[in-house]
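Here is the naming used below: chain letters follow the sequence lines, and residue numbers restart at 1 for every chain.
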2 protein chains.
Amino acid sequence: MNLIKKTPTIQEVARFSGVSTATVSRALSNPERVSESTRLRISEAVRVTGYTPNQSARSLRQKTARTILVALPDLRNPFFSTILDSIEREAVLRGYGVLIANRFSGDDSGRRMRDYFLSNRVDGLLLFDGSVDLAQLMMLTGNPAPVPLVVACEEIPTAPFHTVRTDNLYAAEQATRHLIGLGHHGIGHIRGPVGNVLTGEREAGYRKAMADAGLAVRSDWIFKGAFDMDAGHAAGQLFAALADRPTAVFAANDESAIGFLSALNQHGIACPRDVSVVGFDDLGIAAHVLPPLTTMRQPREALGRIAAGALIDVIEGQRRSRLPMHMVLSSELIVRGSTSPPAHRAIAPEAAVQLQ
Amino acid sequence: MNLIKKTPTIQEVARFSGVSTATVSRALSNPERVSESTRLRISEAVRVTGYTPNQSARSLRQKTARTILVALPDLRNPFFSTILDSIEREAVLRGYGVLIANRFSGDDSGRRMRDYFLSNRVDGLLLFDGSVDLAQLMMLTGNPAPVPLVVACEEIPTAPFHTVRTDNLYAAEQATRHLIGLGHHGIGHIRGPVGNVLTGEREAGYRKAMADAGLAVRSDWIFKGAFDMDAGHAAGQLFAALADRPTAVFAANDESAIGFLSALNQHGIACPRDVSVVGFDDLGIAAHVLPPLTTMRQPREALGRIAAGALIDVIEGQRRSRLPMHMVLSSELIVRGSTSPPAHRAIAPEAAVQLQ
DNA sequence: TGACCGCATGTAATCGATTGCATCCCTCGT
DNA sequence: ACGAGGGATGCAATCGATTACATGCGGTCA
């Protein structure tokens, strides 16, 4: 016996169990197609040799990779990393591997996706980046090879893709209504990055709630943002400099809300005494900042799971309907300490200005 | 011409440019081995047909997948998601794909890694999970197929793997010394999860600094933890219940420090007035909690980049040395608002108890 | 001039599994 | 007793690229 063993192939298993490779293959993928006795003999041979099927060979023959590609704008964002976590779980459960493509945008993103697919590395694509050019996406659905594709988080209503997302507009409306319900009239908004679909939807929900309540939206109370803490912090600086401030602010996501809170603190503006703040996402950290953040919880875990499941259904041809399916998950308001009725406690000097 | 085009293969390119498939293959991977004119003809043919090499076929023949597997304990942890981000960047730069395996531990983790490798899906493994059984790891380095492996973050000094990590022990020592330097004598510690290598190193660093300064370590000032906010919060509850409290606490990571801060706040204990807190990692959020967290910054970006680079070097046989290489990156103390000299301001009732 | 060298290219084997088709054999029905 | 039917299995083609080896050609040098 030689000391350097090579990794065993189906040939060895066949030889060892005295059958052909065809039978071994069948025993492994369609056990009911071989007899009891050979099945046992083969599984024993597999055990002894330590055989593991070669995925490249299988892929080549079956034109299938049992792998999905997840394209994300920014993995470092906890919002996405939670989703990725649940995608990975679901995928592994269904026997798929998960390849990641991060910072996924720019001119060649469409080509990159196409190449991954055409090179037979992946069977389908889960896209979380709304900034990918629509034309490039359409290219993927054409010939050759319409790529199994599920777009998540981002809504592209007119495009023929399956989408999974949350009820952003309605959720933003609810968040704003929560503030209105507490008695706030002057309510500001920290926007997301320009050009992002979510930014637009969340702002629209905010505006809708304000309009429905007959409240005016002041343009100097709309802060530009970027879904990150620094942007929220910058908004906080502007807020502090304002002569006439709103008594509440709805931030387009938790990170910007947190950055906003930290800026407020630097300026000695207290939350919720001087200003109530609502975030969006319910990141793990939201419950642990000071004050704990009221926020719209996004069902991130479910979103990842459902998106991955839908994609695999498409890949395996189990989505019979050729019509794109648009799934919408509900958000949930989580009330914590960052919101309260306006001027709840003794009127602070800050607030007095407004009431003059 | 038919409307349903199949995805083009090297055969089509060969036919189109009037050469054999061998020449096409050479033109694509070793351009200098074919003549100028045919090279041009072939690249034109590639352009026209829209040819993309089939990776499964290439993998099968070359026994190479151009993919690495990254095994992580918990993707949702921002510490890991930042590292994963930089791994992905480096890998793409060098032409590799990144497959992820999350929540990677448990009995079959060794087998899962082995299967990924033996099935030819990945060329090597980047392991971030120190809880994987050492015996299972050793199995990977044996016959058949010694798996290219780089272990990151976790040190297994006696094991024959390349490792990349940070100077945990020294960093923990520095963090503790920072508190000592501020004049603290009573310093507590929030540990990481039991059994984790990092937990041990960070605690050891803490103990070393204490011992060097001639300070006693009180066992009721050592809180058990788990690298997450809930554990830090629980530690905070215990801390608040203490009759005799330390004036400073070194937490084994930022998340537990943040959870600790939030519990302190609930109990009306002020940081840094009543207690100084040092974290570990420097997550993005650390600068934005209240008060901003003093912490040991871990070079996460560099760590991911270097680990991925080293793994690919091993895969490509560029690490000539058979000796395992242990790389250690330096951490950096980031001083923010959560630390100050003890009893800095007027002595609070909380502190008075200790001074009685 | 003829032996030789090296470059560009072609031929065909090869990687390892899957699968259409053929074969063998056993059982059952008439 | 004989053919049909069907279950178990084997044979060999196949997926698409890479690559060892062969070939042919033009040029160099003795």
>> Measure CG/A:Asn30 against P/D:dT9 and give the value in whole Å, please.
In response: 13 Å
> Closer than 4.0 Å, any side-chain N/O of A:Lys63 to the OP1 or OP2 of C:dT18?
Replying inline: no
> Between D:dT9 and A:Ser20, is there an OP1 or OP2 to side-chain N/O distance shorter than 4.0 Å?
Replying inline: no
> In whole Å, what is the span from the CZ atom of B:Arg26 to the C1' atom of C:dT11?
Replying inline: 10 Å
> A:Arg58 CZ to C:dC15 C1': how many Å, rounded?
Replying inline: 16 Å
> Under 4.5 Å between any side-chain heavy atoms of B:Ile42 and B:Leu28, yes or no?
Replying inline: yes
> Is the phosphate of D:dG16, meaning OP1 or OP2, less than 4.0 Å from a side-chain N or O of B:Tyr51?
Replying inline: no
> Has the side chain of B:Ser59 got a donor or acceptor atom that lies under 3.5 Å from a matching backbone atom of B:Thr64?
Replying inline: yes
> For B:Val24, which contact category applies under a 4.0 Å heavy-atom criterion: base, sugar-phosphate, or nothing?
Replying inline: nothing
>> Which nucleotide wins on minimum distance to the side chain of A:Asn54, given the candidates C:dG16, D:dT19, C:dT19?
In response: C:dG16
> Over how many whole Å does the gap from B:Asn120 atom CG to C:dG16 atom C1' extend?
Replying inline: 10 Å
> Out of C:dT18, D:dT9, C:dG10, which nucleotide sits closest to the side chain of B:Ala22?
Replying inline: C:dG10
> B:Thr9 has a side chain; which of D:dT9, D:dG16, C:dA17 sits nearest to it?
Replying inline: D:dG16
>> Using modelled atom types and a 3.5 Å cut-off, is there a donor and acceptor pairing between side-chain atoms of B:Thr67 and backbone atoms of B:Ala65?
In response: yes
>> Is the phosphate of C:dT14 approached by B:Arg61 (side-chain N or O, under 4.0 Å from OP1 or OP2)?
In response: no
> Rounded to whole angstrom units, what separation is found between the CD atom of B:Gln11 and the P atom of D:dC15?
Replying inline: 9 Å
> Taking CZ from B:Arg33 and C1' from C:dC7, how many angstroms apart are they, rounded to a whole number?
Replying inline: 9 Å
> CD of A:Glu36 versus C1' of D:dA8: gap in Å, rounded?
Replying inline: 14 Å
>> With a 4.0 Å limit, can you tell me whether B:Thr38 has a side-chain N or O closer than that to the phosphate oxygens OP1/OP2 of C:dT9?
In response: yes
>> So, taking the atom named OG in B:Ser109 and the one named CZ in B:Arg111, what distance separates them when rounded to the nearest 0.5 Å?
In response: 11.0 Å
> Going by heavy atoms in the side chains, are B:Ile100 and A:Leu84 under 4.5 Å from each other?
Replying inline: yes
> Out of D:dT18, C:dG16, D:dG10, which has the shortest distance to the side chain of B:Leu60?
Replying inline: C:dG16
> When you match B:Gln62 and B:Gly18 each to their closest nucleotide on DNA chain C, which lands nearer the 5' end?
Replying inline: B:Gly18
> Are any of A:Ser35's side-chain N or O atoms less than 4.0 Å away from OP1 or OP2 of D:dG7?
Replying inline: no
> For B:Ile42 and D:dT18, what is the distance between atoms CD1 and P respectively, to the nearest whole Å?
Replying inline: 12 Å
> Do any side-chain nitrogens or oxygens of A:Ser25 fall under 4.0 Å of OP1 or OP2 in C:dT18?
Replying inline: yes
>> Taking side chain to side chain contact (heavy atoms under 4.5 Å, CB included) as the criterion, tell me which of B:Val24, B:Val48, B:Thr21 meets it with B:Val13.
In response: B:Val24
